[in-house]
Structures are given as structure tokens and as C-alpha cells.
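Take a look at the structure set out below.
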Amino acid sequence: MTLNKKQTMLRECAVVLLLIAAVAVSEYWWFQLWRLDWQVPMLYGGDGIYWVGQVQRSYGELTGSLGWPFYQPPSPYDPNYDLIYDIFVAFVGLFTKDTGVVFNLYVLVIPFANALAGYAVFRMAGMRRWLAFAFGLTFGMCPYVQQRLAGHMMLAAVEFVPFSILLCLWCAEDPAFARPGKGFFRNRRNWLALAMAWGIANNGAAYYPYFTCFLLCITALCLLLRERRWAATVPCLVTIAEIVLWMIPDFFPMVLGMIAGVGSTLTNGVYRSPIGADIYSLRISSLLLSPNGYGWDKLANWMQRYFHLLATDEGPMYNENGYGYLGIVGIAGFLALLVLLFHNRDWKAGKTDTPRLGDRLWLLSRLNVAALLLASIASFGGIIGIFVRFIRGYNRISPYIAFAALLAVGLWAEHWLAAHRGRRKQVFTVVLALVLAYGYWEQQGLFVPKYEDVQTMWYQDAAFMEEVEAEAGEGAVLFQLPYMKNFENGSVNNMWDYTQLRGPLHSQTLRFSYGAGYGTENDVWYKATSELEPEAMVAELRAQGVAGIYLNLDGYPVEDQQQTLQELLAAAGCDEADAVIHESGMIYYIPLG
């Protein structure tokens with residue numbers, strides 16, 4: 001039956017709505033959203049608390065309270081890390097400025113965007129609707145996304161990864177794509193590519209643009225070696241140029257900061273070791289080994305013991321690079337693409353009327369192995385990391401590998417379904433549906449926040465800071481102990497990175513010593529003062545007009561906690577009854593007045 005344009009559009013919309021509903025049901029069930037309190041961020045520790053702070057910073061309510069008593073306005077030379085995130089937060093902020101609501105919405109919207117982007121690319125690649133639906137849902141809720149949601153939310157937002165792979169296919173397959181000339185803007189794909197390039201450039205904190213440009217370079221190399229003329233690389237080079245041009249406004253402030261000698265968040269805030277590219281590189285084993293034991297509880301327990309041994313024995317070498325699991329279907333595609341490297345093929349991409357499955361798999365196999373050579377431990381990424389230190393988390397190329405693998409399986413399944421009829425097709429469809437369902441089910445459960453613990457801590461912090469505000473008075477400056485560098489300090493004993501943001505997040509009237517850029521006047525003073533003996537420290541704080549000490553005992557060894565508290569109380573000339581005590585018993589406000 002032939003459908004007219006209206007009927008086709010209605011069916012497309014129906015499948016998209018079904019996909020949205022499927023993601024919503026999946027999130028509610030697998031993320032256990034019935035436990036969520038919308039007014040409380042679902043994550044409240046480490047990188048999660050950093051992003052809670054980013055939400056408040058977007059409203060201008062946080063930055064001005066950090067880095068006192070020598071407060072300096074934020075550097076005008078800070079680059080933009082992720083404009084997509086900023087636009088989303090600003091849009092939601094038009095309706096509510098509740099930190100919990102905005103934060104939770106951002107986290108929960110990410111799988112929707114990923115799934116819809118995956119579905120769109122699967123459809124544009126020629127897959128039928130139900131296949132694109134299944135593979136889009138699988139990609140939208142893939143393990144990498146779920147594990148990244150637990151901290152690096154902007155890295156979980158991989159909605160432009162599918163478009164990156166699609167651009168590589170277009171560069172290879174479409175002779176009219178991205179060719180400069182009078183007809184450039186009459187080609188609809190060129191307009192779409194410009195839009196995709198903007199999204200890629202403003203997503204993933206420079207990692208995803210970097211990886212996209214790398215894969216486009218690999219595509220250009222394949223075309224160059226086949227055609228033996230530089231003109232064959234033009235589409236890839238034009239697409240790379242579009243991405244780079246969109247990135248210039250984002251990172252131009254950083255360049256100005258370097259020229260002016262004042263640095264920026266990236267150049268004067270965090271030391272990046274040249275060995276970081278090896279430490280945070282890709283582990284092929286992590287792509288293949290399931291944290292869920294492929295759905296078998298006994299195997300899952302064995303896997304967890306194995307991962308624990310890796311974390312214990314390998315120390316810093318086993319880190320976020322354990323987040324790359326591809327899922328059952330992804331593993332099949334990944335291994336198949338590796339096998340195809342051993343199969344000779346006369347690559348005809350761009351020379352046939354319609355794209356051929358073999359040509360597409362040929363290119364995907366090259367992109368797949370190139371990603372491994374760039375990102376694996378002690379590979380080319382480690383060499384590049386000696387010179388380009390800001391790009392170090394090469395394991396973050398995992399979603400590219402995952403999508404290429406899913407696309408390979410999806411294209412093969414579409415080809416098989418189109419080539420067969422009758423009972424064989426019916427049996428294949430049932431088996432494929434079961435495999436997809438099993439693979440989708442097996443990869444779930446990797447993101448379940450500790451809702452009740454977070455809610456308890458959030459409300460305890462709010463009540464504590466309300467008491468402190470009443471005690472200290474409006475505009476008072478608090479000195480936070482122990483010292484913690486901003487940002488990426490690392491844990492201090494049992495106090496996670498960014499934990500000193502908990503106080504500022506719950507006060508709109510107080511000022512805090514934590515939060516100044518690393519190496520600034522306040523940060524140098526903050527660190528030096530924190531190392532003084534209690535009596536000298538209190539004398540310096542009073543001289544600078546500091547109203548009190550915000551003390552987090554989790555930042556000290558257990559055996560030193562009570563002694564530290566008593567020495568500070570004695571130096572301040574008060575006893576424990578004069579202090580404001582957090583309900584947890586681990587945070588104190590010691591007045592100096």
C-alpha cells in the first residue's frame with residue numbers, strides 16, 4: 001500500500017510519540033522516579049553537586065557569594081563549555097528557578113534527546129520505523145549514558161553523536177554534499193550539516209567536536225587513498241571547518257585570556273597532567289564486559305568482584321574508563337566491524353545510485369578501529385596528550401563506538417528484512433525483536449540515585465544554613481575548613497570534591513571563602529590561612545572581617561576530627577554550645593564575633 005505524504009507524516013509522528021512514551025516509562029521504572037522529590041536534585045555529591053552549582057550560577061545567585069573576602073568578579077575570559085546546556089537551563093529558568101526542578105529536568109531530558117536523535121539518524125540511513133524505534137531506544141538509554149548521568153551529565157548528552165556518524169556517511173556517499181560552489185546553499189543537506197555542526201560544536205565540552213573532527217579526518221583519509229586526489233577530501237574538510245567556525249565564539253574568550261596573560265578556567269584553573277590521556281583512556285574490556293552480568297545475577301556478582309579488584313589493584317588507571325559497556329547488540333556490531341577489517345572490498349561509496357550495505361559497513365569498520373587506535377590505553381591519544389593536555393578523557397569516545405556498532409547491526413537487519421519474504425522473514429523478525437528486547441533489558445539499572453539519602457542531606461543543609469544566616473547576619477563572610485581547591489581538587493579524606501559548595505547552595509545572603517579560581521588572590525590567601533595554627537588563623541580571620549568558620553569534619557582523618565573541633569572552638573573563645581551544629585553532627589558553624 002502506497003502512502004501519501006500526510007499519511008507518512010502521521011505515522012512518523014505516531015512512532016516518535018511512542019518513542020517518547022517508551023523513554024518516559026523506562027525512566028520512571030528503571031530510575032525509580034516514584035522516589036524522586038522534584039525540589040531536591042537527584043544528585044548531590046562530587047561532580048553532581050558541581051552541576052547543581054552550575055544551575056544556580058546560571059541565575060547569577062551563586063558566583064557572587066564565592067571567593068571572599070577578596071572577591072573578584074568572574075573572569076570575562078572563560079570559554080563556554082556546552083551552549084546546549086546553557087540554553088536549556090535558561091529556557092527552563094523562564095518558568096521556574098527552583099534548583100531541584102531545573103537540575104532534575106536536565107538530567108531526565110537527556111535520554112529523550114539521545115533516543116530521538118538516534119531514531120532520526122537511523123531513519124535517514126534507511127531503516128524502517130520499528131527498527132529505528134528499537135535501536136533509537138537502545139541508544140537513548142545505553143549504559144554509557146546511564147553511567148554518565150551519575151556525574152558528568154553534559155557527557156551523557158550524546159544527542160549529536162549520531163549526526164557525527166551521519167556526516168561521515170554523507171561525506172563518503174554523496175558527491176554533491178559539502179562541495180563549495182554556487183549551488184552550495186541549494187542543497188538541503190548542506191543546510192542540515194550546518195545545523196548539525198553547530199550542535200556538535202556546542203556539545204560535550206570540546207570532547208565531542210574533537211572526536212567528530214577526528215572521524216571526519218579518517219573518512220577523508222579513506223577517500224584520499226581511494227581516489228588519490230585531494231579533491232576527494234573536500235566534503236570532510238568543509239564539514240570540519242563548519243564545526244571549528246562554530247566553536248570559535250565559544251573558545252575565543254579563552255584565547256583572549258591567554259593573550260592578556262590572565263588565563264581562564266581552562267588555562268589558569270586546573271593542572272592537566274600529560275599522562276592524563278593514558279589514565280583516562282579507553283579499555284576495550286570495558287566495552288565488552290557487562291556490569292549487569294548480561295542479565296545473570298551470579299555473573300553480575302563475579303563481574304563486580306572483578307571490577308573491584310581492578311579499582312584496587314590498578315588504582316588511578318581504573319576510573320571512568322569503566323563506563324564504556326556497549327550492550328548486547330552493540331557488542332555484536334562492534335565485533336562484526338572488527339571482523340570486516342579482514343574482508344577485502346572494492347569500496348564504491350559515492351559511485352553507486354544508492355548507498356550499499358557493504359560500503360557503509362566498510363566505512364564504519366574503519367571508523368571503529370580508528371577510534372580504538374586513538375583512544376585505547378597507551379595509544380595515539382596518549383601521544384597527543386603530551387601536547388594537548390585539555391583533551392584527556394579519551395574513553396569518552398565510547399558513544400561513537402556504540403552508535404556505529406548499533407548502526408551496523410541495524411543496517412544489516414534492514415537489508416536482511418528487505419531481501420527476504422514469507423516464513424523466514426517472520427522468524428527472523430521475531431528472533432530480532434527478542435534479541436533487541438533482551439539487550440535493552442540487560443543494559444538497564446545502571447543509574448539509580450540514592451534519593452532518600454540525598455533528600456535527607458539536602459533538607460538538613462537547608463535547615464543548618466538557615467540557622468547560620470540568622471546567627472551570622474546578612475552579608476557575613478564564612479571561612480570554610482578544610483581548604484578545598486576550586487575546581488577538581490579531589491576528595492579530602494571523607495569529603496568529596498565540590499562538597500564545600502553545599503553551604504553556598506543554601507544561602508543567598510552569606511559569602512564564602514571557597515570557590516575562587518585556582519591561583520587567584522583569595523585562593524592563595526584561603527589556602528595559606530587554612531594552614532595556620534588555630535590561634536593565628538582566628539586572628540587573621542578577624543582582621544579580614546570574617547564572621548565565622550564553616551567546619552566540615554568529614555575533611556579530616558577520623559582520629560583528628562574532635563581535636564580539630566576543640567582547638568578551633570578554644571581559639572574562637574567559645575564552647576560547643578555557642579556553635580551551630582548540623583543535624584549530621586559533622587558540620588559546625590563557629591562564630592568569631
Side-chain angles (χ1 to χ4, degrees), residues 47 50-51 54 78-86 110 113-114 117 139 142-145 147-165 167-168 196-218 239-240 242-244 246-248 250-251 254 264-267 269-270 272-283 286-287 319-324 367 370-377 379-404 487-488:
D47 289 336
Y50 169 78
W51 285 104
Q54 288 292 88
D78 281 351
N80 170 66
Y81 296 115
D82 195 329
L83 187 59
I84 304 294
Y85 163 83
D86 291 336
I110 288 172
N114 296 340
F139 179 73
C142 68
Y144 175 88
V145 168
Q147 291 174 296
R148 286 298 182 186
L149 284 175
H152 283 75
M153 281 81 70
M154 68 175 180
L155 294 174
V158 295
E159 65 269 19
F160 287 98
V161 168
F163 296 113
S164 299
I165 302 296
L167 288 173
C168 292
M196 294 175 191
W198 177 86
I200 292 166
N202 289 284
N203 178 244
Y207 278 96
Y208 296 157
Y210 173 64
F211 294 142
T212 300
C213 291
F214 170 75
L215 295 179
L216 285 166
C217 286
I218 297 301
T239 307
I240 291 171
E242 291 171 352
I243 295 172
V244 171
W246 283 123
M247 292 185 71
I248 288 176
D250 299 338
F251 287 87
M254 182 180 72
S264 71
T265 301
L266 286 181
T267 59
V270 182
R272 302 292 192 185
S273 167
I275 65 170
D278 273 335
I279 292 176
Y280 297 103
S281 53
L282 183 71
R283 305 175 71 100
S286 294
L287 299 176
N319 42 71
E320 65 175 57
N321 55 24
Y323 293 168
L367 298 180
L372 293 180
L373 291 173
L374 174 72
S376 297
I377 291 177
S379 292
F380 289 100
I383 298 175
I384 296 172
I386 298 173
F387 307 100
V388 184
R389 299 182 184 181
F390 302 134
I391 298 293
R392 56 173 183 163
Y394 280 89
N395 69 85
R396 297 168 184 181
I397 205 170
S398 299
Y400 289 83
I401 296 174
F403 186 80
F487 54 75
E488 294 189 0

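One-based numbering along the sequence shown.
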Determine whether a donor-acceptor pair (N or O, by modelled atom type, separation under 3.5 Å) exists between the side chain of Asp86 and the backbone of Ile84. no
Looking only at heavy atoms, what is the nearest atom pair of Ala117 and Pro162, with distance? O-CB, 4.0 Å
Give a yes or no on whether the backbone of Ala205 and the side-chain of Asp82 come within a donor-acceptor separation of less than 3.5 Å. no
Is the shortest side-chain heavy-atom distance between Leu373 and Ser379 below 4.5 Å? no
From Arg396 atom CZ to Leu155 atom CG, the distance as rounded to the nearest 0.5 Å: 4.5 Å
On a heavy-atom basis, the closest approach of Ala277 and Gly381 is CB-O, 3.5 Å
Flag side-chain contact, heavy atom, 4.5 Å: Leu372 against Ile401: yes
Backbone of Glu159 reached by a side-chain donor or acceptor of Asn203 within 3.5 Å: no
Can you see which heavy atom on Val161 is nearest to which on Pro399, and at what distance? CG1-O, 3.7 Å
Residue pair Asn321 / Arg283: nearest heavy atoms and the distance that separates them: OD1-CD, 3.2 Å
Going by heavy atoms in the side chains, are Cys217 and Ile240 under 4.5 Å from each other? yes
Rounded at 0.5 Å granularity, tell me how far OG in Ser398 sits from CD in Gln147. 9.5 Å
Between Thr212 and Tyr208, is there a donor-acceptor pair closer than 3.5 Å when you use the side chain of the first and the backbone of the second? yes
For the OH atom of Tyr207 and the CE atom of Met154, what is their distance to the nearest 0.5 Å? 8.5 Å
Interatomic distance, CH2@Trp198 vs CE@Met247, rounded to 0.5 Å, equals 13.0 Å
Please say whether more than 12 non-hydrogen atoms of neighbouring residues, nucleotides or ligands are located less than 6.0 Å from CH2 in Trp51. yes
If you compare all heavy atoms of Ile397 against all heavy atoms of Ala371, which two are closest, and at what distance to 0.1 Å? CD1-CB, 3.7 Å
Kindly give the heavy-atom pair with the smallest separation between Trp246 and Ala201, and that separation in Å. CB-CB, 3.5 Å
Has Asn395 got a side-chain atom pairing as donor or acceptor with Ser376's backbone, closer than 3.5 angstrom? no
Within the distance-only criterion (no hydrogens, no angle test), does the side chain of Ser164 pair as donor or acceptor with the backbone N or O of Phe160 below 3.5 angstrom? yes
Over 12 foreign heavy atoms within 6.0 Å of CD1, Ile275: no
Are the side chains of Asn114 and Tyr144 in contact, using a 4.5 Å heavy-atom criterion? no
I'd like to check Ile377 versus Leu282 (side-chain heavy atoms, cut-off strictly below 4.5 Å). Are they in contact? no
Would you check if the distance from the ring center of Tyr394 to the ring center of Tyr280 is below 6.0 Å? no
Between CD1 on residue Ile243 and CE on residue Met196, distance to nearest 0.5 Å: 11.0 Å
Do Phe139 and Val145 come within less than 4.5 Å of each other through their side chains, counting heavy atoms only? no
Spacing of OH belonging to Tyr400 relative to CG belonging to Leu367, to within rounding of 0.5 Å: 11.5 Å
